[in-house]
Amino acid sequence: MSDYTFRFSKSEKRLVAVLIIIPMVLLFIGVYGGLMQTLFRAGIIQSDPFVGGDYYKGLTFHGVLNAIVFTTFFAVAFGNAIIPYSLKKNLNATIAWIAGILMLVGSVVAAIVILIGEATVLYTFYPPLKAHPLFYIGLTLLVVGSWVASANWVPMYLQWRKENEGKKTPLAVVGMFTTFIVWFIATLAVAVEILFMLLPWSLGWIDEINVMLARTLFWFFGHPLVYFWLLPAYVMYYVFMPKLAGGKLYSDMAGRLVFMMFIVFSVPVGTHHQYMDPAISSQWKLLHGIFTFAVALPSLITAFTIAASLEYAGKLKGSKGLFGWMGKLPYFKKENWFFAYLITGLIIFIFGGIGGIINASYQMNTVVHNTAWVPGHFHLTVAGPVMLAFLGGSLYLVAQFLNKEVRLKAWAMLSPYVYTIGLLIMSYGLKIGGLMGMPRRTNTGASYANPDSVLYQADWIPYIDLTVIGGSIMFVGIVMYIISFFTTVFSKSKGAEEDAIVTFPISEPLHDEPATWLRNFKPYIIIAIILIVLSYTPVIYDVLQATYGGSLPFSPDSPVPLR
Amino acid sequence: MDNSEKLALGLSGFLLVLFFGAIMYAAVAKDIDVPTCITDMDPFVTDTLFQTGPDTYELQMVARMWAFQPSTVRLPVGSTVDLYVTSQDIIHGFKVEQHNVNLMAIPGAINYMRVTFNKPGEFMYACHEFCGAAHHTMAGRFIIEERLDEPEIIGGTL
Ligand code: HEM
Ligand SMILES: [Cu+2]
Ligand SMILES: [Cu+2]
C-alpha cells in the first residue's frame, strides 16, 4: 500500500520543477555570499565582485535568499508534490501556477532591489532603517503567493475527507497543513507590519513609525517562521526517513501529537527574541519563555520517535546490544543518498536543540543575545537540519518530476557529510566568539579583526579564522551538491514524459493507534488563538504605553533622517 | 503509546520543568532578571553620569549612528551602575564584555539594567545590532580602576 505511484499532470510537474530549480540558483548566490562573509569578517577580503565593499548588502542577500526565499519556495513545492500524492488528487494547476508566479515575481523584485543597494536592511528589515518600497512589495508578493498555493490544497483535502469518512489523514498531509497553518497565522502579523506601517511609511504617506511596535509584530512572525522552516523537514523525518532506513515509523500517533503541539505553541513565544528589549514587562517575557519550553517538547518527542524508528530498522538488520543499531544504518550507501541528508541533519540538530534551549532560557539570553553565538546557533538549525532536508528533498523532487535518474550519486551522498563537518567547525567558531563578546551582523574584518584598528581584539582572531575554515568546507559541500543537482537537471530523461510516474518513500507505522482526538485541526487552532490573544495583548499594550515619539526613516549611510 | 514512549515523554517533561525551575530560582532568589518596562523616567537626549550613593551611580547613555555617548566611562572598582540606554536615531545594541548586561537601544523607548564592576580592567561595549554602514566601528569601553578620585565620562569616538 505504501509504495504506490501517482501520475501528475504535465503542468503540475513543470511547476514543481520550476519552484525547485529557480530558488536553487538564488540559494547558490546566497551561499556564495555566506562564504564571502566569512572572508570579510576575517579581513581576508575588503570587497568582492558581487557586492563590492558592502558587507551588509551581502548579508541582506544571504539572509533573505537563503532563509526566506529558498525555504518558502521549497515548502510550497514540497506541498504541491506530497499533498496531491498522498490524497491521490490532482492540483488545480492554474491556481498553483498563479501562486508560483506571484512568488517568483516577488522574490526577483526583492532581490533586484537588494542588489542595487536600495534595501540594505538585513532580513529582519527593522525600521527606522528604510528600504525601497519595492522591497516590501516583493516580500508581500512572495507571502501572498504562498497563501494562494496553500489555499489551493484546502478543497482537495475537504473533498478527500468527504470521500474517506473515518480514515486517518495521511501523516504527510497533516504535517504540511500544520506547516501552512502556522505560516498563515504568523504572516498575518508581518502583513500588518508591512501593509499598515512599513510600506506607507517608506512611500512617504505617513511620516513616523513606532519602532518597538513594528519590531514586536516582526517577532510575532519571526519565531513561528522557524517552525515554518522546520516542519517540512519534520515531515521528511517522520514520513520518509524510517522507510529509507529500512524500518517503520515507531509511532504514528507521536507524529500527529507533535504536529498539533506545534499549532498550539508556535506563535505565543515570539517575545523570547525580545528578552533584551525595552518597553515590554519582564513578566510577559517570562510567559513567552514558558511557552517556549512547551514548544521544545514536540522536538524532544521527535528525537525519541525517530531514534526509535531507526533503532527498529537497525534491529531488523540484526543489530545487537543497546547501541548496535547505530552501526547498521545506511550512512554511506550511494543508492540511498537521500538518507544521508536526513541523518546528518538529525545529528546536527542535537547541538541546535541544546543551543535553542540556552537561548530560550530567559536571563541566560543576556550572555548570548545578538552576539556571534546567535548565527552560530541558527546555522545548526535552519542552515543544518532544515537546509539539508530541503536539499535532499529538492534533488529527489527534481529527479522525480523531470523523470530523471539522479546523477553523480556518490557526490550527492557525500555532500551533506562534507557540509556537516564545515558547519560544526564554523558554528563552533561563531559560538565561542560570541561568548567572548563578538557581535553578530558585524564586518569584523574592518575593525575588531584588523590589527591596525584601535578596536582590534586579538583573542577573537582564532575563532574568526575557524569560521573561515568551516565556511569554506561548507561551501565545498554545497558545490558538490549543486554539481550533482544540475547534472541531474540537464541529463536525459528516463523515458517518454507521458508515462512518467512519481513515487515517494512513505513509511508504514509500527504502532498505529486510532488517535481519534488528534484527527481534527480545529480545536488546536482555537487553543492557539486563545493563547496568542492571552500572550500578546499585554505585550502590545506595554509597547504602546511605554514608548514615546515616532521615528522618521533612515538610510544605512547617514545619521541624518531621510525626511 | 507504549511504555518506552511514556518514559521518554515523562523524562522530557521533567527535564524542561527542571530547566524552568532553574530560571525561576535565578529570577526570584538571585534577582537576575531581564529588562522590563521603564515608564517613570523622562526621555533623555544627552549622556549624564551622577553618583547616587557611596559606590552607586546612574548613567544615561545615548546610542547614535555611529557612536555611544559616552564612549568612555571611568569608574572605581566596586561601582554599581544603574544603566539607562536609549537611541537617538535607529536601533543599536549594547553589551559589555565579561559582564551580564545586554540591552537593545531603541528609539522611542528607554532600556534599563543594573551592573556591578567587581574587577579592574577595560571592558569594551560593541554595538551588536546592525545600524548602517559604519556599524562595525561603533564601540566604547568602561575603564575600571583600583583607585580613582574623579569618575568621568568622555564623549567622541574611541
Ligand atoms: C557555505 C555556507 C554558509 C556560510 C559560510 C555562512 C556564513 C554565515 C555567516 C558568517 C554569518 C554571520 C554574519 C554576521 O552575523 O555578520 C551568516 C549569517 C546568516 N546565515 Fe549563513 N552561511 C552559510 C549558509 C547559510 C544557509 C544555507 C542559510 C539558510 C538558511 C543561512 C542563513 C543565514 C542567516 C539567516 C544569517 C543571518 C543574517 C543576519 O543576521 O541578518 N546561511 N552566515
Ligand atoms: Cu524563536
Ligand atoms: Cu550598530
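Quantities reported herein were computed from a predicted structural model and do not represent experimental measurements. Excluded from the calculations below are hydrogen atoms, water molecules and symmetry mates; all remaining heavy atoms, backbone and side chain alike, are included.
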Please classify the contact of A/H369 with chain B as side chain, backbone, both or neither, using a heavy-atom distance under 4.5 Å.
both

Of all heavy-atom pairs between B/A126 and A/Y448, which one has the smallest distance, and what is that distance?
CB-OH, 3.3 Å

Indicate yes or no for a side-chain donor-acceptor contact from B/D89 to the backbone of A/P559 under 3.5 Å, with no hydrogens or angles considered.
no

Going by distance alone, is a donor N or O of one side chain under 3.5 Å from an acceptor N or O of the other, for A/Q363 and B/D33?
no

Parallel, tilted or perpendicular for B/H136 and A/Y56, by the 30°/60° rule?
parallel

Part of A/F304 lying under 4.5 Å from any heavy atom of chain B
side chain

Pick one of side chain, backbone, both or neither for B/E97, based on which atoms fall under 4.5 Å of a heavy atom in chain A.
side chain

Exactly one of A/N370, A/L129, A/N443 clears side chain to side chain contact (heavy atoms under 4.5 Å, CB included) with B/F130, and that residue is A/L129

Evaluate the side-chain proximity of B/V34 to A/N365: yes if any heavy-atom separation is below 4.5 Å, no if none is.
no

Of the non-hydrogen atoms in B/H135 and A/R440, which two are nearest, and what is the gap between them?
NE2-O, 4.0 Å

Counting only non-hydrogen atoms closer than 4.5 Å, does A/T371 touch chain B with its backbone (N, CA, C, O), its side chain (CB onward), both, or neither?
side chain

Under 4.5 Å from a heavy atom of chain B, the part of A/Q274 involved
neither

Heavy-atom distances under 4.5 Å only: say whether A/L59 touches chain B with side chain, backbone, both or neither.
neither

I need the minimum non-hydrogen distance between A/Y362 and B/A27, along with the two atoms involved.
CE2-CB, 4.4 Å

Which atoms of B/T39 approach chain A - backbone, side chain, both or neither, heavy atom under 4.5 Å:
side chain

Apply side chain to side chain contact (heavy atoms under 4.5 Å, CB included) to B/F94 and A/M276, showing your working.
CA-CA 10 Å; B/F94 174 88; A/M276 299 303 134; over 6 Å; no

Are the side chain of B/K95 and the backbone N or O of A/V368 linked by a donor-acceptor pair below 3.5 Å?
no

Considering only heavy atoms, which portion of A/I280 lies under 4.5 Å from any heavy atom of chain B: side chain, backbone, both, or neither?
backbone

Contact summary for B/S4 and A/Y250, nearest pair of heavy atoms:
OG-OH, 3.2 Å

Determine whether A/Y548 and B/T86 satisfy the following criterion, side chain to side chain contact (heavy atoms under 4.5 Å, CB included), listing intermediate values before the conclusion.
CA-CA 12 Å; A/Y548 51 86; B/T86 191; 3.6 Å; yes

Short side-chain to backbone donor-acceptor contact, B/H128 and A/A372, under 3.5 Å
no

Under 4.5 Å heavy-atom distance to chain B, tell me which part of A/P127 shows up: side chain, backbone, both or neither.
backbone

Side chain to side chain contact (heavy atoms under 4.5 Å, CB included) between B/L16 and A/L300, intermediate numbers included:
CA-CA 10 Å; B/L16 293 173; A/L300 289 168; 4.0 Å; yes

Minimal heavy-atom distance between B/E5 and A/A254, with the atoms involved, is OE2-CB, 3.7 Å

Scanning both residues in full, the closest heavy-atom pair of A/P439 with B/C127 reads CB-O, 3.7 Å

Run the side chain to side chain contact (heavy atoms under 4.5 Å, CB included) test on B/M65 and A/V560 for me, step by step, so that the C-alpha distance in whole Å, both residues' side-chain angles and the decisive distance to 0.1 Å come before the verdict.
CA-CA 9 Å; B/M65 290 159 96; A/V560 183; over 6 Å; no

Do B/P35 and A/P278 have side chains that get closer than 4.5 Å, going by heavy atoms?
no

Tell me, for B/M113 versus chain A, whether the close heavy atoms (under 4.5 Å) come from the side chain, the backbone, both or neither.
side chain

For A/S551, is it the side chain, the backbone, both, or neither that has a heavy atom closer than 4.5 Å to a heavy atom of chain B?
side chain

Under a 4.5 Å heavy-atom cut-off, does chain A meet the side chain of B/Q98, its backbone, both or neither?
neither

When A/T366 is tested against each of B/N100, B/V101, B/L103 for side chain to side chain contact (heavy atoms under 4.5 Å, CB included), which residue passes?
B/N100

